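Read the structure below first, then the notes.
Since we're looking at a predicted model, the values are computed, not measured. Here is the naming used below: chain letters follow the sequence lines, and residue numbers restart at 1 for every chain.
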Amino acid sequence: MDKIVSLCKRRGFLFQSSEIYGGLNGFWDYGPLGVELKRNLKDTWWRDMVTGHDDLTAPAGAPQAYQMVGLDCSIIMHPQVWKCSGHYDLFHDFMVDCRESKKRYRYDQVVGRWVESKGQKVFVTVMPETDDPATEIEPRALKFFNLRAKQADQLVYHGSHASLATISDMATVLAPDAKQLGTLTPPREFNLMFKTIVGAMGTEEDAAFLRPETAQGIFVNFKNVVDSSRVKVPFGIAQIGKSFRNEITPRNFTFRSREFEQMEIEFFCSPESSNEWYRYWRDRRYQWYLSLGLSPERLRMREHDAAEIAHYSCGTADIEYAFPFLPAGEFGELEGVAHRADFDLRSHQEGKLVKKDGALVVETGTDGKPRHKGSGKKMDYLDQETNRKYIPHVIEPSAGADRATLAFLCEAYREDMAPNDKGEQEARVLLKLHPRLAPFKAAIFPLFNKDGMPEVAQKLYLKLKKRFNVFFDDGGSVGKRYRRQDEAGTPYCLTIDHTTLQDQTVTIRDRDTLVQRRISLDAVLPELEKLIEG
RNA sequence: GCGGGAGUAGCUCAGUGGUAGAGCGUCACGUUGCCAACGUGAAUGUCGUGGGUUCAAAUCCCAUCUCCCGCUCCA
């Protein structure tokens with residue numbers, strides 16, 4: 001992994017943000033090669049999912065034909081968007097740290113019970129792993145008071161178990177993993193959303209948030225898109241854009257960044273068909289990564305089990321990649337494909353929802369009114385054929401553009417052996433990027449800087465440049481120029497030599513096989529189109 | 001946020017109190033001519049940043065930032 005990070009810096013794929021000022025944790029800049037790679041990735045996604053999508057025929061695995069449209073929403077939205085979506089509550093936690101065990105806990109998730117023994121009264125806490133915290137508390141209490149299991153009758157409980165949030169004095173609390181009393185810090189506020197102020201004279205009352213995901217912009221524009229674009233359910237809305245999260249621990253190169261780019265689709269369908277569509281999108285997105293070169297050994301699809309699944313979801317799968325910085329056997333998330341049912345559209349219509357007795361209902365405050373009031377705007381859809389009104393169900397394939405870029409870089413990095421000019425095998429570093437993703441599609445070299453070769457090469461270069469991002473290089477030996485392009489991931493090199501001057505042919509050299517063949521100058525452009533675009 | 005390690009040229013790194021270094025890369029010239037060739041020359045550093053100790057600090061001390069590893073967190 002260090003070699004990949006080093007190559008990224010050396011060749012201009014990725015730089016640390018604000019590096020000359022010492023860097024900024026969790027922020028990254030894409031250099032000249034990186035911006036092309038990431039842009040190609042996003043363009044490929046957009047073309048494959050949106051503009052290039054065949055909306056006239058049902059794709060393999062899909063229940064029927066469907067439409068796809070795009071959207072580009074503002075990063076800052078009305079604060080109520082995040083209250084109804086659930087992010088405001090979920091991304092805003094109080095945490096306590098244990099000075100002894102060095103562990104950190106969600107303040108509201110720690111559960112404890114007052115226990116008295118040997119003249120001492122202690123609030124014994126656990127991070128409950130079962131539905132019955134009392135059975136987990138007792139062994140902790142016995143151990144603290146230095147009692148055997150058969151002496152449990154010496155423990156006197158006061159009241160039933162309760163949240164740590166009911167305790168004001170941390171000095172009498174036994175932390176979940178501590179041996180001593182009073183090791184917990186006071187609760188401290190963690191806000192995972194970036195707060196900002198709208199308006200030059202704005203105050204705290206004008207606080208807003210940078211979006212932590214692009215999806216909500218799609219949901220709040222659902223009606224606008226339906227009313228303006230003649231789409232019919234089933235259809236999808238796609239968006240690519242930046243999102244922001246105050247990750248507690250940015251780590252692993254660009255994998256967990258605080259500013260990152262997402263490629264998201266919200267696919268709207270009828271409730272009856274939603275499970276079929278979920279399976280379609282899950283499989284389709286998995287295949288997309290394979291089609292661009294991620295190896296099946298390092299890419300996996302993992303269905304969430306019932307405990308992990310969000311309360312509103314009827315199915316979620318992560319597409320995960322075995323990044324080289326992770327321990328062997330571990331995978332990191334590239335994309336989540338979630339069946340979100342009607343949770344999001346209903347939330348923006350009615351208000352923030354919670355699950356109660358197996359059903360989603362509007363969460364209410366102590367006053368009985370909605371905790372976070374919805375827009376009140378109808379989010380239902382009228383199916384003109386059946387004359388039926390319903391709130392569509394949603395399948396959400398949500399991909400990380402930076403994570404995918406990193407995965408393709410990791411997958412592409414290879415060290416192999418190639419012959420030098422004496423025929424000896426030498427180490428070679430190359431990026432085996434798919435031609436659609438490669439920053440440069442081809443490089444053009446004059447073999448010698450004389451006999452008119454530079455002129456022919458320049459003419460070809462300028463001709464190709466109108467269609468593809470290509471690179472011209474006349475510096476150093478041709479072998480060195482090949483190796484430089486290998487390291488940048490350029491799939492093809494075109495060399496103008498003496499033969500070119502006689503018969504108007506050039507050599508085209510393949511990055512992966514090193515094989516060279518001759519094609520005519522006029523055939524170069526169509527040949528590249530065939531090789532790159534298939 | 002905690003603990004451990006690290007930060008010196010674009011990259012990889014050497015340098016334990018006394019003149020700032022190497023290899024690779026980059027650029028120029030010459031030579032060569034289809035897979036990182038060779039020769040000559042050049043550019044590139046307030047040694048992460050800020051303080052302190054000292055006649056003198058890359059080197060010792062303190063603080064801080066960033067990166068890596070392990071905890072923790074990750075709708």
Side-chain angles (χ1 to χ4, degrees), chain A residues 1-3 5-12 15-27 31 82 85-93 95-106 109 127 177 185 188 190 192-193 212-213 215-216 245-253 255-256 258 308-313 316 325 327 332-333 336 338 340 343-344 398 417-430 445-451 453 475-487 493-499 506-511 514-516 518:
Chain A
M1 187 63 205
D2 291 346
K3 287 177 175 177
V5 174
S6 169
L7 176 86
C8 285
K9 174 82 193 290
R10 183 157 41 87
R11 294 308 305 262
F15 308 122
Q16 202 187 350
S17 167
S18 316
E19 197 187 65
I20 61 167
Y21 287 107
L24 190 60
N25 201 354
F27 298 89
W82 308 112
S85 72
H87 288 84
Y88 181 82
D89 292 338
L90 272 165
F91 273 33
H92 186 257
D93 291 323
M95 311 286 288
V96 290
D97 290 309
C98 176
R99 296 187 192 93
E100 183 188 318
S101 67
K102 307 295 180 196
K103 286 179 187 276
R104 173 176 292 161
Y105 311 96
R106 284 263 298 273
Q109 287 184 351
M127 278 296 285
D177 297 282
T185 62
R188 285 179 289 189
F190 278 66
L192 268 46
M193 281 200 290
E213 65 169 33
Q216 296 304 321
R245 294 180 198 183
N246 261 319
E247 297 289 352
I248 293 167
T249 314
R251 218 29 100 76
N252 289 331
F253 206 23
F255 183 78
R256 179 163 294 135
R258 287 177 164 148
E308 193 180 359
I309 226 157
H311 56 81
Y312 46 77
S313 180
T316 301
F325 50 75
E333 182 183 344
R340 298 179 63 88
F343 175 81
D344 302 279
S398 169
M417 303 300 281
N420 64 14
D421 62 338
K422 299 181 190 72
E424 299 158 346
Q425 292 292 315
E426 281 191 353
R428 176 177 77 132
V429 171
L430 74 155
F445 311 144
L447 185 60
F448 321 133
N449 285 311
K450 58 184 181 187
D451 299 340
M453 292 178 203
S477 72
V478 74
K480 184 175 227 169
R481 286 179 252 165
Y482 284 141
R483 297 299 171 85
R484 279 200 278 246
Q485 294 308 314
D486 290 341
E487 231 180 36
C493 291
L494 302 152
T495 303
I496 280 70
D497 59 10
H498 279 115
T499 313
V506 295
T507 61
I508 178 165
R509 176 259 198 190
D510 183 276
R511 174 194 66 202
L514 304 178
V515 169
Q516 278 180 297
R518 296 202 76 89

If we take the [atom1] atom in both [N] and [M], what is their distance in whole Å?
{"N": "B/A22", "M": "B/C69", "atom1": "C1'", "answer": "29 Å"}
{"N": "B/A57", "M": "B/C35", "atom1": "C1'", "answer": "48 Å"}
{"N": "B/C47", "M": "B/U40", "atom1": "C1'", "answer": "30 Å"}
{"N": "B/G17", "M": "B/G4", "atom1": "C1'", "answer": "27 Å"}
{"N": "B/G33", "M": "B/G10", "atom1": "C1'", "answer": "29 Å"}
{"N": "B/C74", "M": "B/C13", "atom1": "C1'", "answer": "36 Å"}
{"N": "B/U19", "M": "B/A58", "atom1": "P", "answer": "10 Å"}
{"N": "B/A56", "M": "B/A14", "atom1": "C1'", "answer": "23 Å"}

[X] [atom1] - [N] [atom2] separation (whole Å):
{"X": "A/Arg428", "N": "B/C35", "atom1": "CZ", "atom2": "C1'", "value": "9 Å"}
{"X": "A/Lys9", "N": "B/G48", "atom1": "NZ", "atom2": "P", "value": "14 Å"}
{"X": "A/Tyr482", "N": "B/A36", "atom1": "OH", "atom2": "C1'", "value": "13 Å"}
{"X": "A/Met453", "N": "B/C34", "atom1": "CE", "atom2": "P", "value": "11 Å"}
{"X": "A/Arg483", "N": "B/C11", "atom1": "CZ", "atom2": "C1'", "value": "18 Å"}
{"X": "A/Leu192", "N": "B/U72", "atom1": "CG", "atom2": "P", "value": "17 Å"}
{"X": "A/Phe325", "N": "B/C69", "atom1": "CZ", "atom2": "P", "value": "9 Å"}
{"X": "A/Phe255", "N": "B/C74", "atom1": "CZ", "atom2": "C1'", "value": "10 Å"}

**Asked** Side chain of A/Gln516, base of B/C34: donor and acceptor closer than 3.5 Å?
**Response** yes
**Request:** Give a yes or no on whether a donor-acceptor pair under 3.5 Å exists between the nucleobase atoms of B/C35, that is its base, and the side chain of A/Arg509.
**Result:** yes
[N]: pairing nucleotide in any strand, Watson-Crick or G-U under 3.5 angstrom:
{"N": "B/U40", "answer": "B/A28"}
{"N": "B/A14", "answer": "none"}
{"N": "B/A20", "answer": "none"}
{"N": "B/C71", "answer": "B/G1"}
{"N": "B/C34", "answer": "none"}
{"N": "B/A56", "answer": "none"}
{"N": "B/U46", "answer": "none"}

**Prompt:** Between B/C69, B/C34, B/A36, which one does the side chain of A/Thr507 approach most closely?
**Reply:** B/C34
**Message:** Heavy atoms only, 4.0 Å cut-off, all strands: where does A/Thr495 land among base, sugar-phosphate and nothing?
**Reply:** base
**Request:** Tell me what A/Glu487 touches on the nucleic acid: a base, only sugar-phosphate, or nothing, going by heavy atoms under 4.0 Å.
**Result:** base
Counting C-beta onward and ignoring hydrogens, is there a side-chain heavy-atom pair between [X] and [Y] closer than 4.5 Å?
{"X": "A/Phe27", "Y": "A/Pro250", "result": "no"}
{"X": "A/His87", "Y": "A/Gln216", "result": "yes"}
{"X": "A/Arg428", "Y": "A/Tyr482", "result": "no"}
{"X": "A/Lys9", "Y": "A/Glu19", "result": "yes"}
{"X": "A/Arg511", "Y": "A/Leu430", "result": "yes"}
{"X": "A/Cys8", "Y": "A/Lys3", "result": "no"}
{"X": "A/Arg509", "Y": "A/Leu514", "result": "yes"}

**5' priority, RNA chain B, between A/Leu514 and A/Glu19 [closest heavy atom]** = A/Glu19
**Asked** In terms of side-chain geometry, is the basic nitrogen of A/Glu487 or A/Arg10 positioned less than 4.0 Å from the acidic oxygen of its partner?
**Response** yes
**Message:** Check this for me, if you would: do A/Asp497 and A/Arg518 make a salt bridge, where the nitrogen-to-carboxylate-oxygen distance has to be below 4.0 angstrom?
**Reply:** yes
**Item:** Gap between atom NZ of A/Lys480 and atom CZ of A/Arg484 - 0.5 Å precision
**Value:** 6.0 Å
**Message:** Nearest 0.5 Å, please: how far is OG1 in A/Thr507 from CG in A/Leu447?
**Reply:** 8.0 Å
Give me, pair by pair, the N or O atoms of the protein and of nucleotides 24-27 of chain B that are less than 3.5 Å apart, along with how far apart they are.
{"from": "B/U26", "atom 1": "OP1", "to": "A/Arg484", "atom 2": "NH1", "distance (Å)": "2.4"}

**Message:** If you apply the rule side-chain contact (heavy atoms from CB on, under 4.5 Å), what do you find for A/Met453 with A/Phe445, and how did you get there?
**Reply:** CA-CA 9 Å; A/Met453 292 178 203; A/Phe445 311 144; over 6 Å; no
**Asked** Where along nucleotides 63-68 of chain B does protein come under 4.0 Å, by heavy atom, of base (B) or sugar-phosphate alone (S), with - for untouched nucleotides?
**Response** --SSSS
Measure all distances between protein nitrogen or oxygen atoms and nitrogen or oxygen atoms of nucleotides 31-33 of chain B, and list the pairs falling under 3.5 Å.
{"from": "B/G33", "atom 1": "N2", "to": "A/Leu447", "atom 2": "O", "distance (Å)": "3.2"}

**Request:** For A/Trp82 and A/Met193, work out which heavy atoms get closest and say how close.
**Result:** CB-CE, 3.8 Å
**Message:** Would you say the rings of A/Phe253 and A/Phe325 are close, in the sense that their centroids are separated by under 6.0 Å?
**Reply:** no
